[in-house]
Amino acid sequence: MIDDDDSLDEALGALGTHDVDDWRREHVRLRAQAVLRGEPLGFYTRFVEPTLTAVVCVLHLAWAIARVAMLLVS
Amino acid sequence: MVAEGAWLEGLQRGDPAAFDAVYEAYRARVFSFVLRLGGERALAEDVMQDTFVRLAERAARLAPDTDLRAWLFTVARNRFLDRRRRMLFRGRTLSALPLAATTGPTPFDRLEQSELAARVQRALSALPADQREAVLLCSVEGFTPAEAASIAGVSPATLRKRLSRGRQALRKLIR
């Protein structure tokens, strides 16, 4: 058990820092830099990525509903 | 802080080098704070991204006396709560959020470099979320109680109470 504030501060000081992976670090930096320059988001970010995400979600939902329906029917 | 003043001026001009300097200085600290607050790596990555994109969006409009570090932590904290609320599908206060894992070492624990750090992390995870936030802001990140209160959106007295209770609980939990 830690009895005093100094020991507690020492223990909390033992916590290091964590960081994101290199790809994420660069991805965020480039995206923020584009925003800083006032550039509009690219075609991929505006249309392709959300469309793909929506398609995957709809397919997943349809699969889940079909599975539940099959279980109820059988 | 001299460097922060120069960074702020650079950001207001839209200087990419100033953004990079701020990003390098605070990225890991913001990410670590959110990771310890919520215990979820994917969420912390998203919040870190939101925070620095927000900085880029607001750079030109930052007040000359902005405390960049406090500004970033405030945005990160608010984005964390927004995302958690959305994930939970209903609004809850920070204190009502479920606790991070409290038993046994988690993958997150294993990221910590030392045994002591892992024990401290587990103890932090066991604290109520509002106390954990106060301890992280003041005792880990070095904010004053007044600064931390501003970030957390509570009065300094409330923050001090949470900090005191959190530190007291931590002392008992870290064995």
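Heavy-atom basis, side chains included; hydrogens, waters and symmetry copies ignored. Labels below follow one simple rule: chain letters A, B, ... track the order of the sequence lines, proteins then strands, and each chain is numbered from 1.
Both the backbone and the side chain of A/Arg25 come within less than 4.5 Å of a heavy atom in chain B. Using a 4.5 Å cut-off between heavy atoms, B/Val53 contacts chain A through both its backbone and its side chain. Residue B/Val30 does not touch chain A at all, counting heavy-atom pairs closer than 4.5 Å. Neither the backbone nor the side chain of B/Leu136 comes within less than 4.5 Å of any heavy atom in chain A.
No side-chain N or O of A/Thr53 forms a donor-acceptor pair with one of A/Glu49 less than 3.5 Å apart.
Contact tally against chain A (heavy-atom pairs below 4.5 Å) for B/Arg58, B/Glu45, B/Met48, B/Glu57: the top residue is B/Glu45.
Ring planes of B/Phe73 and B/Phe143: perpendicular class, angle over 60° (limits at 30 and 60°). The aromatic rings of A/His60 and A/Trp63 sit tilted, their planes meeting at an angle between 30° and 60°.
The side-chain heavy atoms of B/Phe52 and B/Tyr26, taken from C-beta on, include a pair separated by under 4.5 Å. In this structure, B/Asp15 and B/Glu9 have side chains that are not in contact, with every pair of non-hydrogen atoms separated by 4.5 Å or more.
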